[in-house]
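Every heavy atom of this structure was used, including side-chain atoms; hydrogens, water molecules and symmetry mates were not. Within every chain, numbering begins at 1; the chains are lettered A, B, ... in the order of the sequence lines, protein sequences first and strands thereafter.
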Amino acid sequence: MNKYSKNLLTFFKNIKNLPLTRSHFTYFPDRNVKKVASHGVQKMNMFQAINSAMDHALEEDGSALLFGEDVGFGGVFRCSINLRDKYGKDRVFNTPLCEQGIAGFAIGVANTGATAIAEIQFADYIFPAFDQIVNEAAKYRYRSGGIFDCGSLTFRVPCGAVGHGALYHSQSPEAYFAHTPGLKVVVPRGPIKAKGLLLACIKDKNPCIVFEPKTLYRAAVEQVPVGSYVSEIGQADILRKGSDITLIGWGTQVHVLLEVADLAKKELNVDCEVIDLVTILPWDRETIANSVKKTGRVVVSHEAPLTQGFGSEIAAYIQDKCFLHLEAPVKRVTGWDTPFPHVFEPFYLPNKLRCLSAIKELMNY
Amino acid sequence: MSALRQIHKVLRCSSNVAAGLSRNIVPIFNAARCSSNVSSDHPSMFPGAKAPFVSEPNFTLPSDYSPIPIYRVMDAEGVVNPSQDPNLDRDFVTKMFRDMVLLNTMDKILYESQRQGRISFYMTNFGEEASHIGSAAALENRDWIYGQYREAGVLVWRGFTIEQFIDQCYGNVADIGRGKQMPVHYGSKDLNFVTISSPLSTQMPQAVGAAYAMKRKPNNDSIVVCYFGEGAASEGDAHAAFNFAATLSCPVILFCRNNGFAISTPSHEQYCGDGIAGRGPAYGIATIRVDGTDVFAVYNAMKKAREYVLRENKPIVFEAMAYRVGHHSTSDDSTAYRSAEEIEIWNTTEHPISKLKNYMKKKGWFNEDEENAFVKDVRKQVLKQISVSEKKLKPNWREMFQDVYHEMPEHLKEQMGELEKHVEAHPDFYPLKNFKA
């Protein structure tokens, strides 16, 4: 520290400190750890769990490649740290700065049967690759009569709110991709799930996108199985059983809903069933319908905007399959229909209080 | 046969014109490069290429082309090539120098303020001050700027105030951008500086479109300058911009700030071939490469480029070579991928401010006490402004719903109403005291 920054420090100490951001959720770690044969568990945060998954994938499959912008030195979120040293720079490497290139390149790798693990640095920057993903990856098998595919392709894509990311470091674009037959789309809620889902996607015979809530990379810590394992794609997790109302979310929002369930119990004596949808496409309709038939009330909550968010699809399905079981309309608590704003983030997010208000409203309907 | 002869004649003619032009224009734009081993007797009639035929199936290799040279006026000691001295007067050079110093000083403090948690994010411009100031100084303020995110010096030159910079970083009620974007996403209608957006290269085809529309205005006397990094030049939008600018003859300067790094990715992993400048001729665009740490080289070349672009209604590819002395952003620690020794060279003898300082010393235009006082004063202003900007309230939270559309549609009015009711019911839960009522 030089003299100058010392002065600066003194200056900053002397002016009133305004809290810049605050986390909008409390992390609820998974305690249900599946036993993985002959390996124990280890404390890992989410980026370490993802690193461990990719380590397994690269070790188990000599054709597997890992690439993307700044992946070589470990990636901007440190998910690929040390993997270049371990597996060589012909397998773990930087690409030029071009998402459409990354996606197209990954498809080509997968066309040959090799495994491609491609990182798009931020979900907000996936859109130049939209054509490659939507028109190419998703349709390869269909359009070729099944003679060509790119099923050994997985995109890893950091997404979601972080407190100060504003328009272009906060978005949750899962609904755009949910509108694309041929893709599988998953969102982990924490380290255990992130590792299992990533390994499942890598092994899956279809192009998959893993949207990783980036705020969880460091904030989420769990006892993660050290060995290789998969979490089932297309299977929602009932995290808390309840009888009065079903709360559905994915990614970070699951943790908001778990806290809301506690609040609802305490303040309203309402018994919430909390479901992590886990997979956006193809989604677990059965688990949702069964839960809603039991509770008769449902809140779907996501960070992405309301209109045409994935909550719309869930609501439409519920009214179709559970109409006579419903005690109240399906309620969506989501980001507003605006771009994701910087200083207004506390007003934008579907926070616990907005979710709790929705529960109150539905219970009194 | 006569058609062929005509084509041949046109080709010869145009190359003579090009040669004539290059003699008169200093610095020289590399409008075309010749390859050897061709016979020009019977140029082809293919619509896609007017090229001569040859009888050997030889590859044209990257090594057949010599790299586009780097135009430089001043060395590290501040010694200027007399034939290239722009002979700027003392006041002008002092403004250049002080704007560079102001930018550098403000960057240091705002970077620290992010580390202290005062602002959420920051990006410094260290090492690239000359390419900002040298280029901005050669333009007219009516010329439109499409920036990437590391061009704050252009705004400094045009008169964006310390207050405006810092209010934007705080996203407070005085922020022109109304608190919508992260820090350093500046914009100014008054200064013809289009608001920064984080996605890379998206501004490039936009700049080209703006230039095309400008060209069509009667008696147009403005051009467009689009800044972008060498990493961003890998995006598909960069290709679109180069190709549209060339085919649609747009008066735009495509200004590449080649600072050697895209976050951690060094330029040698970003591209092969002769950098970004090397692409210009391939797209049919006049091109120049300059030393981006030499404010006079940037200035001279930009001045010529502006004249050319306006006169010819054609684009220029302009590559300014520099070194990103700072980290990519406050989210990055660049010592994870490069050595401190390497950075040190570019932060001392090769630093653009050091070079201009040496020049001014030689001219007897540098008064150590006055310049120290200037830095001290800038620091004082910036620190004072931080405490002022920090105390300013954020805009009314309802502004979150504004400017999504020209007029707020019904569904957004409903959503705003819903949030109003919710916030009224739970005022303690929201940081209302920090927002304008």
Given the options Gln181(B), Met400(B), Lys180(B), which has more heavy-atom pairs under 4.5 Å with chain A than any of the others?
Met400(B)
Part of Asp333(B) lying under 4.5 Å from any heavy atom of chain A
neither
Measure distances from Ala232(B) to the heavy atoms of chain A and classify the residue's part below 4.5 Å as side chain, backbone, both or neither.
backbone
Using non-hydrogen atoms and a 4.5 Å limit, figure out which bit of Lys394(B) sits close to chain A: side chain, backbone, both or neither.
side chain
Using the six-membered ring wherever Trp is involved, compare the ring planes of Trp397(B) and Phe347(A) and label them parallel, tilted or perpendicular (cut-offs 30° and 60°).
parallel
What distance separates Glu269(B) CD from Glu69(A) CD, expressed to the nearest 0.5 Å?
12.5 Å
Please, which pairs that meet side chain to side chain donor-acceptor pair (under 3.5 Å) have at least one residue in residues 227-236 of chain B, sequence neighbours excluded?
Ser135(B)-Tyr227(B), Ser234(B)-Gln270(B)
At a 4.5 Å cut-off on heavy atoms, which part of Ser201(B) comes close to chain A: side chain, backbone, both, or neither?
neither
Please report the shortest heavy-atom distance between Tyr125(A) and Pro199(B), naming the atom on each side.
CE2-CA, 3.6 Å
How long is the straight-line distance from CZ of Phe344(A) back to CD of Glu399(B), given to the nearest 0.5 Å?
5.5 Å
Rounded distance (nearest 0.5 Å) linking atom CZ of Phe429(B) with atom CG of Asn351(A)
4.0 Å
Per-residue tally against chain B (heavy atom, under 4.5 Å) across Pro339(A), Gly101(A), Gly74(A), Ser357(A) peaks at Ser357(A)
Nearest atoms (heavy-atom pairs only) where Pro395(B) meets Val343(A)
CD-CG2, 4.3 Å
Taking every heavy atom of His164(A) against every heavy atom of Ser120(B), the minimum-distance pair comes out as CB-CB, 3.5 Å
Contact leader toward chain B among Ala166(A), Pro96(A), Gly72(A), where contacts are heavy-atom pairs under 4.5 Å:
Pro96(A)
Take atom CD of Glu342(B) as the centre, draw a 6.0 Å sphere, and report whether it contains more than 12 heavy atoms from other residues, nucleotides or ligands.
yes
Using a cut-off of under 4.5 Å on heavy-atom pairs, state which of Ser197(B), Pro183(B), Ala336(B) scores highest against chain A.
Ser197(B)
For the residue pair His169(A) and Phe121(B), categorise the inter-ring angle as parallel (less than 30°), tilted (30 to 60°) or perpendicular (more than 60°).
tilted
Under 4.5 Å to a heavy atom of chain B? For Asp337(A) that would be both
If one checks every heavy atom of Phe122(A) against chain B at 4.5 Å, the contacting part turns out to be neither
Phe244(B), CZ atom: more than 12 neighbouring heavy atoms under 6.0 Å
no
How close do Tyr168(A) and Ser198(B) get, heavy atom to heavy atom, and via which atoms?
CD1-OG, 3.3 Å
Looking at side-chain heavy atoms only, is the closest gap between Ile263(B) and Gln121(A) below 4.5 Å?
yes
OG on Ser264(B) to CG on Asn94(A), rounded to 0.5 Å
5.0 Å
Below 4.5 Å from any heavy atom of chain A, which atoms of Tyr405(B) appear? Answer side chain, backbone, both or neither.
neither
Heavy-atom distance under 4.5 Å to chain A: side chain of Arg178(B), backbone, both or neither?
backbone
Test item: Thr265(B) and Leu97(A) side chains (from C-beta on) under 4.5 Å apart, heavy atoms:
no
Rounded to the nearest 0.5 angstrom, the CG-NE2 distance for Asp175(B) and His342(A) is 10.0 Å
Tell me the residues of residues 407-422 of chain B whose non-hydrogen atoms fall below 4.5 Å from those of chain A, in number order.
His411(B), Leu412(B), Gln415(B), Glu418(B), Leu419(B), His422(B)
Measuring from Leu356(A):CG to His426(B):NE2, what's the distance to the nearest 0.5 Å?
7.5 Å
